[in-house]
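Per chain, numbering begins at 1; letters A, B, ... match sequence-line order. Just so we're clear, the structure is a prediction, and the values are computed from it rather than from any experiment.
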Amino acid sequence: MEHTLDQDNSFELPKVYAPSDVEEKIYNYWLSNHFEQSCPDSREPFVIVIPPPNITGALHMGHALNNTLQDVLIRYARMKGYNALWVPGTDHGGIATQNVVEKLLLKEKKTRHDLGRKKFLDYMWEWRKQTGDTILNQLQKLGCCCDWSRTRFTMDEICSLAVNKAFIKLFNEGYIYRGERIVNWCPRCHTAISDIEVEYKEQKSYLWFIKYPLKNADSENKYIVVATTRPETMLGDVAVSVNPKDGRYKNFIGRKVILPLVNREIPIIADELIDMEFGTGAVKVTPAHDLVDFQIAQNHKLVVNLKVVDENAKMINVGKYTGLDRFECRKQVIADLETLGLVEKVEDYKHSVGFCYRCNTVIEPLTSDQWFVKMDKLAEKAIQSIEKGEVVYYPENWKEHTLRWLKNIKDWCISRQIWWGHRIPVWYCVDLVKTEKLKNLTEEDLNNVPIKNYIKSSCPPIASVKKPSKCSCCGGTDFIQDPDVLDTWFSSSLWPFSVFGWGKEENNNEIDKLKNFNLELNYYYPTRVLVTGYEILYLWVARMIMMGLYFLNKVPFSEVLVHGIVRDMHGKKMSKSLGNVIDPIEIVKQYGTDALRFSVVSFAGVGKDIHLSEESFVSARNFMNKIYNMTRFILMNIEREQVYCIKNVTVDKMSIADNWILSELQNLVFSVQKNYEKYLINSISRDLFDFVWFKFCDWYIEIAKLRLSKNETETEKEQKVLTMSILLYILEQILKLLHPMIPFFTEHMWQKLQKLNLLNDKSESIMKSVFTEKVEIKFDSFSAQKFELIENIVKEIRSLRNNFKLQSNAKPEIIICGSDDVLDVVRQYEIYILRLGWVNRIRYNENKPSHSTTSIVKINFIAKTIELSMLLEGMIDIEKEKMRLKKEFEETKKFIVSLEEKLANDKFISCAPKDEIEKIKERYILSKESLGKLEKFILELER
RNA sequence: GGACGGUUGGCUCAGCGGUAGAGCAUCCGGUUCACAUCCGGAGGGCCACAGGUUCAAAUCCUGUACCGUCCACCA
């Protein structure tokens with residue numbers, strides 16, 4: 001087993017960083033040292049449970065985003081001294097998974113019914129063994145430091161214990177009931193699904209106005225006209241309903257109509273639920289296929305289960321229409337009604353239609369016997385907790401959304417008529433008489449017979465994992481288990497504690513592994529933060545809160561970090577059918593894992609969707625190369641016999657550049673910590689990018705080169721050691737700061753530096769290093785401020801060079817005029833300007849010759865200006881110079897006017913904060929000074 | 001029907017009460033001993049629109065438009 005990484009002792013690195021060469025090695029190094037593992041100790045835990053991906057899943061950008069964020073948080077927490085644990089695992093994925101496997105079977109021209117329940121499940125388990133861990137392996141490629149020794153699966157032994165325990169407890173305490181209700185039925189998946197699993201989409205359709213002939217029609221009123229979008233369901237109508245307040249229909253209430261095509265007599269009733277504005281104000285009531293109609297029919301004690309569409313979406317109980325597909329039947333019904341002259345009109349109509357979120361088939365609402373969880377009391381507890389702030393949402397607005405949903409919660413249909421899942425632990429006492437007829441059937445066959453047909457309806461069902469020994473009601477000893485399985489989200493809702501072995505008590509001796517689970521549950525639960533996209537906030541997150549509170553009396557996590565959805569550049573959700581998918585694995589191949597992670601994290605504003613294209617990753621890839629070369633440069637300048645450490649760095653020997661970069665580092669370190677607390681990961685990545693590239697590389701390293709190249713005198717040697725020590729210190733800090741986002745690169749470099757004994761922090765792996773909360777080198781912040789002088793002068797020189805199209809190798813002379821205090825600093829650090837401005841010589845306080853161009857450089861921190869002239873023999877066009885200066889003169893003048901207005905404004909002086917007024921005053925002085933100088937230059941040119 | 005979010009340079013986004021920022025793209029110039037996946041410079045925005053609050057508004061409030069999302073018993 002490989003416990004260390006091979007790193008040679010050389011200070012040289014190849015010219016281009018090749019992530020693919022090192023990533024896998026590094027990941028194996030982590031694994032073999034178990035750095036990602038956690039066990040309870042005296043530290044405070046920081047726990048995340050992964051939103052378990054479906055076993056059918058292949059890593060997509062959404063996973064990349066979701067898991068990178070979690071990995072960043074876990075790595076940061078670990079460096080901050082928490083006992084960090086990230087629990088990985090997968091979800092069995094109920095319907096979705098069964099669909100996938102059924103499709104595979106179909107290729108062999110078989111259905112699940114051909115195999116039968118047992119064989120089919122064997123087949124599924126085998127399939128899951130083969131491919132179910134694909135996505136977890138892909139997470140490893142992403143660099144995720146989950147504790148793999150704790151990998152769970154919602155259908156493994158440990159999680160199943162929790163599922164059974166939870167169901168039985170809820171059942172015995174009266175939260176679970178069975179009842180005939182309208183459910184959302186998917187005719188393709190052949191199961192009920194819950195309300196939130198239905199996806200509504202706008203559809204273009206028609207609104208048909210159908211005349212229902214009145215019984216005992218009078219001359220005035222022959223018909224009542226109803227409007228419907230689903231004419232085929234009229235065959236199952238049990239009434240026509242109007243609003244009791246509707247004047248138009250006052251005389252109709254209580255009368256009867258003859259339902260066309262079936263010639264059934266149905267009443268006209270009045271119900272408040274009817275919207276008078278809609279259609280004709282009269283509505284057909286089809287209780288078996290519409291939720292509202294079901295309620296109305298119940299209110300009026302009408303038949304509620306007159307089903308005309310069956311579980312296959314075929315018509316039943318409707319004479320000649322029986323057996324037709326529902327949409328086929330619609331056409332027939334309309335045709336027949338037209339023949340009878342009963343279609344008054346047809347209007348174009350847009351309305352939303354429910355689709356199965358798993359297979360995109362139009363949902364058929366129908367009455368069915370299902371298991372439900374009573375949600376009101378569970379929700380009430382969750383509402384209180386969220387309102388008390390026991391769970392905090394980032395961003396906050398999801399709190400309100402969740403509360404609103406919880407306050408309007410409906411009972412949760414948890415039974416599914418599929419085979420893949422946790423079989424409902426409920427047993428029915430078998431009616432031997434009824435079963436006599438079924439005697440020759442195997443248990444396999446019994447599964448296909450509605451349980452009503454062979455159970456004793458008088459005996460209550462018993463919730464139990466194992467077959468009960470005796471019926472408490474009739475003493476019978478024959479039982480049959482409910483054939484349905486639980487909604488996949490039922491097991492997911494227990495995830496934050498099922499992964500820690502909640503449910504163990506009942507099975508104490510059965511699984512050795514569970515020995516420590518009580519201890520662990522207490523230590524790790526509740527977890528810290530849940531990271532998820534907003535699309536499963538109700539489906540999953542809210543339910544976890546309810547279950548956590550119910551079973552453990554504690555919310556399962558104190559924070560919810562909500563991120564957005566990954567979309568393409570046109571704002572479309574990425575999907576295979578649209579062909580706009582960007583495969584993270586491809587990006588990894590092309591740009592490296594770190595670049596992928598850094599990109600994704602940079603784009604991910606809290607709660608905001610992110611838009612990606614192939615090009616989105618280029619910038620991060622370039623950044624990786626930049627920091628690679630930055631490291632490479634520093635290593636190139638190492639001298640073996642020297643010792644570099646922060647002890648070599650003393651304030652009195654430091655330059656303004658040293659002080660400046662350390663002060664900038666300090667600001668960075670503070671803001672990074674603050675932003676982690678608010679989960680503003682994208683701000684962190686931006687700040688790091690800016691510091692590293694624009695401050696450290698562009699300025700500090702460039703200046704450091706000066707001192708690194710000189711190595712003769714004792715002072716020079718001392719200066720070189722000091723500079724190298726600072727460079728190495730900052731490099732070390734940059735690596736630590738970046739590590740949570742780009743773990744591979746930073747570990748790679750850490751190992752190298754550690755081996756060369758160049759690090760302050762002696763941790764063997766950067767994963768185990770300690771986050772530096774405050775810069776450990778003392779620096780002088782006043783000196784740091786002075787760096788602005790150098791920066792502004794250099795920028796101005798560069799700008800002038802480009803303006804006058806100077807050859808890149810040309811080294812002009814410049815003249816700088818200003819007050820002594822400023823010039824003292826400039827003189828001291830003249831060498832910086834010579835180098836960065838590519839200037840030959842600087843003269844001070846001399847008169848500028850006519851062949852020069854001049855600019856004003858503003859130095860904000862002391863509110864002074866300096867004059868900067870560049871000598872350009874034969875390159876000056878006096879007229880152009882005048883124009884340039886005049887333009888600047890005018891702009892400055894305008895600006896001064898705006899400042900004067902402010903300062904003359906009494907209200908501004910009395911209302912604005914002091915700092916602000918000071919700032920304006922300084923600006924005013926600065927601009928006045930500039931203006932005077934500009935005027936002088938112009939006059940000189942005109943002479 | 002309700003609610004939420006977005007609208008900032010050609011593109012992707014940051015800024016969220018005090019003189020408009022970054023990356024990419026564009027243009028100009030570059031083999032100065034880390035990096036052309038680079039270096040230096042430049043152009044480009046009355047911050048969707050209309051009102052209001054404020055000494056001061058891209059930033060707060062109200063309304064409108066467009067885009068996006070979620071929720072609802074749209075028959």
Side-chain angles (χ1 to χ4, degrees), chain A residues 13 15-17 196 200 202 207 226-230 233 241 273-275 277-280 282-286 290-296 349-352 395 397-398 400-401 404-405 408 534-535 537-538 564-565 567 569 571-572 591 595 602-603 605 607-613 615-616 618-637 682-683 686 689-690 693-694 697-698 701-702 705 709 795 798-803 805-809 811 835-836 838 895 898-899 901-902 905-913 915-917 919-920 923 927:
Chain A
L13 293 171
K15 210 173 169 183
V16 174
Y17 178 51
I196 36 179
Y200 288 92
E202 276 283 287
L207 191 60
V226 299
T228 180
T229 52
R230 297 202 56 195
T233 61
S241 182
L273 285 173
I274 304 303
D275 176 5
E277 305 295 310
F278 187 87
T280 59
V283 170
K284 58 196 265 326
V285 179
T286 322
D290 184 285
L291 185 62
V292 187
D293 292 4
F294 185 84
Q295 278 173 21
I296 294 176
Y349 190 62
K350 253 202 212 162
H351 67 143
S352 64
N397 61 307
W398 288 108
E400 281 310 315
H401 280 125
R404 200 177 325 135
W405 183 75
N408 293 307
Y534 54 76
E535 72 272 25
L537 238 29
Y538 309 142
I565 289 174
R567 299 173 181 280
M569 276 308 180
K572 291 261 184 312
Y591 300 110
S602 309
F603 291 125
K608 283 191 169 177
D609 288 352
I610 64 178
H611 294 187
L612 290 180
S613 73
E615 291 76 50
S616 307
V618 172
S619 166
R621 189 272 314 263
N622 294 351
F623 183 52
M624 297 306 113
N625 195 249
K626 185 73 183 177
I627 54 180
Y628 174 77
N629 275 290
M630 160 191 100
T631 313
R632 183 164 162 256
F633 169 78
I634 294 171
L635 285 176
M636 273 171 53
N637 284 281
N682 59 333
S683 304
R686 199 183 43 250
F689 184 96
D690 288 353
W693 203 313
F694 304 138
C697 290
D698 285 355
I701 287 185
E702 288 309 314
K705 282 175 181 172
S709 64
K795 278 185 187 161
R798 286 170 171 173
S799 176
L800 287 174
R801 292 179 65 98
N802 273 288
N803 234 332
K805 301 207 185 315
L806 243 64
Q807 295 276 317
S808 63
N809 56 358
K811 281 189 163 191
R835 162 95 186 196
L836 298 185
W838 207 242
F895 186 51
S898 76
L899 294 174
E901 274 170 9
K902 268 193 176 176
N905 184 341
D906 291 343
K907 279 191 177 165
F908 173 72
I909 300 296
S910 59
C911 296
D915 290 3
E916 184 57 28
I917 298 171
K919 226 162 72 187
I920 300 290
R923 246 176 237 162
S927 305

If I pick the C1' atom on rC47(B) and the same atom on rG6(B), what distance separates them, to the nearest angstrom? 14 Å

Spacing of the C1' atoms in rG21(B) and rU31(B) (rounded, Å): 32 Å

Which parts of nucleotides 68-75 of chain B does protein reach within less than 4.0 Å, heavy atoms only, written one letter per nucleotide 5' to 3' as B for base, S for sugar-phosphate only and - for none? -SSS-BBB

Taking pairs as Watson-Crick (N1-N3 plus N6-O4 or O6-N4) or G-U wobble (N1-O2 and O6-N3), each distance under 3.5 Å, the stems of three or more consecutive pairs with RNA chain B are B:1-7 with B:65-71, B:10-13 with B:21-24, B:26-30 with B:38-42, B:48-52 with B:60-64

With the sugar-phosphate defined as primed atoms, P, OP1 and OP2, and the base as all remaining atoms, what B/S/- string results for nucleotides 27-40 of chain B, 5' to 3', for protein heavy atoms under 4.0 Å? -S-S-B-BBSBSSB

Side chain to side chain, Ile296(A) and Asp290(A), heavy atoms closer than 4.5 Å: no

Sequence neighbours excluded, the answer for side chain to side chain donor-acceptor pair (under 3.5 Å) partners of Thr233(A) is Lys284(A)

When you compare the protein's N or O atoms with those of nucleotides 14-16 of chain B, which come within less than 3.5 Å of each other, and at what distance?
from: rA14(B); atom 1: OP1; to: Lys608(A); atom 2: NZ; distance (Å): 3.2
from: rA14(B); atom 1: O2'; to: Arg686(A); atom 2: NE; distance (Å): 3.4
from: rA14(B); atom 1: O2'; to: Arg686(A); atom 2: NH1; distance (Å): 2.8
from: rA14(B); atom 1: O2'; to: Arg686(A); atom 2: NH2; distance (Å): 2.8

Nearest-angstrom distance, C1' atom, rC60(B) to rU53(B): 8 Å

Could you list all N or O pairs between the protein and nucleotides 17-19 of chain B that sit under 3.5 Å apart?
from: rG18(B); atom 1: O2'; to: Glu916(A); atom 2: OE2; distance (Å): 3.3
from: rU19(B); atom 1: OP2; to: Arg923(A); atom 2: NH1; distance (Å): 3.1
from: rU19(B); atom 1: OP2; to: Arg923(A); atom 2: NH2; distance (Å): 3.4

d(Tyr534(A) OH, Ile565(A) CD1) to nearest 0.5 Å is 3.5 Å

To the nearest 0.5 Å, tell me how far Met630(A) CE sits from Phe623(A) CZ. 7.5 Å

Expressed in whole Å, how much space separates the P atoms belonging to rU7(B) and rA75(B)? 35 Å

rG15(B) versus rA50(B) - spacing of their C1' atoms, nearest Å: 24 Å

